[in-house]
There are 4 protein chains.
Amino acid sequence: MARQRTRSKVHEAVLSLACESRVGTLTMEGVAARAGVSKQTLYRTWPSTGAILFDALLARSADEGGDVVVPDSGNLATDLEGLAVATIAELTDPTQEPLLRAVTAEIQSNEGLAAQFREMLLAPQLHGISDRLRRGGVTDPDGIAELFVAPIFHRWLLRSRPFDAAWVATHVARVLRASSVS
Amino acid sequence: MARQRTRSKVHEAVLSLACESRVGTLTMEGVAARAGVSKQTLYRTWPSTGAILFDALLARSADEGGDVVVPDSGNLATDLEGLAVATIAELTDPTQEPLLRAVTAEIQSNEGLAAQFREMLLAPQLHGISDRLRRGGVTDPDGIAELFVAPIFHRWLLRSRPFDAAWVATHVARVLRASSVS
Amino acid sequence: MARQRTRSKVHEAVLSLACESRVGTLTMEGVAARAGVSKQTLYRTWPSTGAILFDALLARSADEGGDVVVPDSGNLATDLEGLAVATIAELTDPTQEPLLRAVTAEIQSNEGLAAQFREMLLAPQLHGISDRLRRGGVTDPDGIAELFVAPIFHRWLLRSRPFDAAWVATHVARVLRASSVS
Amino acid sequence: MARQRTRSKVHEAVLSLACESRVGTLTMEGVAARAGVSKQTLYRTWPSTGAILFDALLARSADEGGDVVVPDSGNLATDLEGLAVATIAELTDPTQEPLLRAVTAEIQSNEGLAAQFREMLLAPQLHGISDRLRRGGVTDPDGIAELFVAPIFHRWLLRSRPFDAAWVATHVARVLRASSVS
DNA sequence: TCTTAACCGAGACGGTACGTCCGGTCTTTTT
DNA sequence: AAAAAGACCGGACGTACCGTCTCGGTTAAGA
């Protein structure tokens, strides 16, 4: 296992590289050079750049408290809209988007990473949302949470159409209609 | 640019390679060797393996008629369920899945390819669905089409949960509830 | 056989390219492009860049009259010195040197070209010199001509030492001593 | 840079290739394959096939003691004839000639290599000869050494005329006449 | 004058080699 | 003992030319 000092340097390096350069440009050699670490040190701990990046994201998320915070103002529609706006902001944040796209691309060809991603980043978020829905009286909170999140991801992943406030409002309205809550 | 005979050989090669080997293993050299074509011939026409793969998919889709066929039995729920099952079958078809995942990964880092993908493969499908919804009396067919398609893609892309008949039925029910159609 | 117009364009192109760029950079494609001629037109007439270059040199030498002119002032030493200076000037002329070095390098790996070079460019020069020596009463004009020319070439080919007036004078004196002429 | 084991493998490979195949056929890929070495290993240490070949020749010359041995029997004419015969034998040795021609061709377009060649291989030889001439009472040993060596090189380089015993004898006689030694 | 055959440009094509980059492994040296 | 430094093999990258090969268009004869 790598020492904490080394891990930090590597995390810092991989995040800065992933931000500044194009996705897919991430290389073990580049990370090693940026981190001032030998390649062997990387290989001792991580099998791929995807793994390093993911580890770095996890560590950062842990540092920042990491818990998904779903607002609860009592008004479900308002809360969902706020959540959508926050999610969209995170997905399109210039310092985050390249990282997330890199991880997404990696997931397509790496089942192990996909599983980790699901369990450690995706599941907590969905649980937070479905908890809020349950508190709002939704009878099928898991399904509705998916119905709420998927179109946002879909637009982002396939870069299909822009996100604007009108769409968010309409989307939330549709989701609430599906949830059988007046 | 490239002569038709050459294009065909290359399409055949890239499809067979994408199927049999792991995604991301596609290389220009490999395609050239399999197609019995020189590397320069590839580079003269396509800038990347992603572009070749996409071109091959387009050509195949054109060969096969290519039109998205949405069933119309009069019963919207039945039709949507059939459509979902067909889409899921296509996404998880062992000869298709590696190709689609490769293209999806490529899209994350290639805006141009993403645009082509949206316009030539995704848009027709969504239009087909929203047309069917409109005929079914849905007032917001585009939004509902997205609500219908996105969770299917979401589960497939993030490999989040398996597809089964029960989920399909529930999903269709949710979408119909959101569409304000009794 | 290539038409005269084509030959001229090609000769012009190859000479200009050989001058301006580094030796060994001459390529069939480059010559074809510069001459505004298709590659096939080149290959129909010449087997290699060396052959083109040599043909161009021959043509130019024919255009300019091409005969080797050995001065005959009555004083053999003076004439040889003048000849040495003229030869050195030609060898080190910036517009000639790259061409001659290119041909020389080509000769090392191309016996056919070497033979042509000997017969069409080298032999006339040596004959001119040995004629002058014979008129000067030298008993072994061919051998002495070689003794005169070889060190000049040697210094040029191996870039061994600079040419200066003092060396030329000494060299001519040595050669005359060897020629048994007082 | 390169480890000794690697250097040896590369030297061996380049010498065998230079001997068996035509000059100018030497390629970095070929040498790498023959030596069982990756291309990068070659490029890390040598910039061109010429440099490798030259390095190999130097190493071999160092291994074999490498000193130029000029015979000294007391009779200058006899010694020079022996030296000429030995030099000619070396230049026309089937296992040496391709190497030397390759290096000669390379020198035409590579000033750095030319300088190395002059200092490490040519200069020692000329010094050996001029030393012998000085011991023989020649007043201008350097100039005469050049006068002796140049025509031999000239004939070899330009493949002008064959070497035979009669020519060698005449040549030595001419040189000695030029040297002002009875 | 009208063929008709050679010449020509354009450039796709299968190749070989280029010189670079990176993936992983292994050795050497430093700390 | 762990780490940096980096040499090493393998293999793909994207480019430059190679020499061959159709394609149409254009000249320049001979019929």
Side-chain angles (χ1 to χ4, degrees), chain A residues 1-3 5-7 9-10 24-33 35-52, chain B residues 1-7 9-10 24-33 35-49 51, chain C residues 1-7 9-10 21 24-33 35-49, chain D residues 1-7 9-10 24-33 35-49:
Chain A
M1 275 297 122
R3 288 199 293 232
R5 176 84 192 106
T6 304
R7 294 182 81 88
K9 284 194 297 181
V10 171
T25 307
L26 267 187
T27 64
M28 293 298 251
E29 295 216 330
V31 175
V37 142
S38 86
K39 282 204 293 176
Q40 198 54 39
T41 300
L42 294 189
Y43 282 110
R44 240 191 306 271
T45 308
W46 301 276
S48 68
T49 53
I52 302 180
Chain B
M1 282 293 150
R3 291 200 287 235
Q4 194 46 49
R5 176 82 192 105
T6 304
R7 294 182 79 89
K9 284 194 296 182
V10 170
T25 308
L26 265 187
T27 64
M28 292 299 251
E29 296 219 327
V31 174
V37 139
S38 85
K39 280 200 296 174
Q40 198 56 40
T41 298
L42 293 189
Y43 284 110
R44 241 192 304 270
T45 308
W46 299 277
S48 66
T49 53
Chain C
M1 272 303 118
R3 288 198 292 235
Q4 193 47 48
R5 176 84 191 104
T6 304
R7 295 181 78 89
K9 284 195 295 182
V10 171
S21 59
T25 307
L26 268 187
T27 66
M28 292 299 250
E29 296 218 327
V31 174
V37 140
S38 87
K39 282 202 295 175
Q40 198 54 39
T41 299
L42 293 189
Y43 282 110
R44 238 192 309 271
T45 309
W46 301 276
S48 67
T49 53
Chain D
M1 284 292 152
R3 290 201 287 235
Q4 195 46 47
R5 176 83 193 106
T6 303
R7 294 182 79 90
K9 284 194 295 181
V10 171
T25 308
L26 266 187
T27 64
M28 293 298 252
E29 295 218 329
V31 174
V37 141
S38 88
K39 283 203 293 175
Q40 198 57 40
T41 298
L42 293 189
Y43 283 110
R44 235 193 311 270
T45 309
W46 301 277
S48 67
T49 53

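Computed from a prediction, not measured in an experiment: that's the story for all the values here. Chain A is the first sequence line, chain B the second, and so forth, proteins listed ahead of strands; every chain is numbered from 1. In what follows, every heavy atom counts, from backbone to side chain, and hydrogens, waters and symmetry copies are set aside.
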Interatomic distance, A/M28 atom CE to A/T41 atom OG1 [nearest 0.5 angstrom]: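 One gets 10.5 Å once the value is rounded to the nearest 0.5 Å.
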
When rounded to the nearest 0.5 angstrom, what is the spacing between CG in D/L42 and CD in D/E29?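 One finds 10.0 Å between CG of D/L42 and CD of D/E29.
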
Using whole Å, report how far [atom1] of [X] lies from [atom2] of [N].
X: C/L26; N: F/dA16; atom1: CG; atom2: C1'; answer: 15 Å
X: C/M28; N: E/dT16; atom1: CE; atom2: P; answer: 20 Å
X: B/R5; N: F/dC23; atom1: CZ; atom2: C1'; answer: 19 Å
X: B/Q4; N: F/dT22; atom1: CD; atom2: C1'; answer: 17 Å
X: A/L42; N: E/dG23; atom1: CG; atom2: P; answer: 10 Å
X: D/W46; N: E/dC18; atom1: CH2; atom2: P; answer: 15 Å

Upstream residue (5' side of DNA chain F) when B/E29 and D/A35 are each assigned their closest nucleotide: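 Closest to the 5' end, via its nearest nucleotide, is D/A35.
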
Looking at [X], I'd like to know whether one of its side-chain N or O atoms comes within less than 4.0 Å of OP1 or OP2 on [N].
X: C/S38; N: E/dG11; answer: no
X: C/R3; N: F/dT27; answer: no
X: D/T41; N: F/dC9; answer: yes
X: D/K9; N: F/dA7; answer: no

Donor-acceptor pair (no angle test) under 3.5 Å: D/K39 side chain, E/dG19 base: yes

Side-chain donor or acceptor of D/Q40 under 3.5 Å from a matching atom on the base of E/dC21? yes

Between F/dG14, E/dC8, E/dC18, which one does the side chain of D/Y43 approach most closely?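 The listed nucleotide nearest to D/Y43's side chain is E/dC18.
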
Closer to the 5' end of DNA chain E via nearest nucleotide, is it D/G30 or B/V37?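 Its nearest nucleotide being more 5', the pick is B/V37.
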
Derivation and outcome, side-chain contact (heavy atoms from CB on, under 4.5 Å), residues A/R7 and A/V10: CA-CA 5 Å; A/R7 294 182 81 88; A/V10 171; 5.8 Å; no

Between B/G36 and B/K9, which heavy-atom pair has the shortest distance, and what is it? O-NZ, 3.8 Å

Any idea which heavy atoms bring A/A32 and A/S38 closest together, and the distance?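 Minimum heavy-atom contact is CB-C, 4.2 Å.
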
So what does A/T27 touch, heavy atoms closer than 4.0 Å: a base, only the sugar-phosphate, or nothing?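 Since only primed, P, OP1 and OP2 atoms lie under 4.0 Å of A/T27, the category is sugar-phosphate.
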
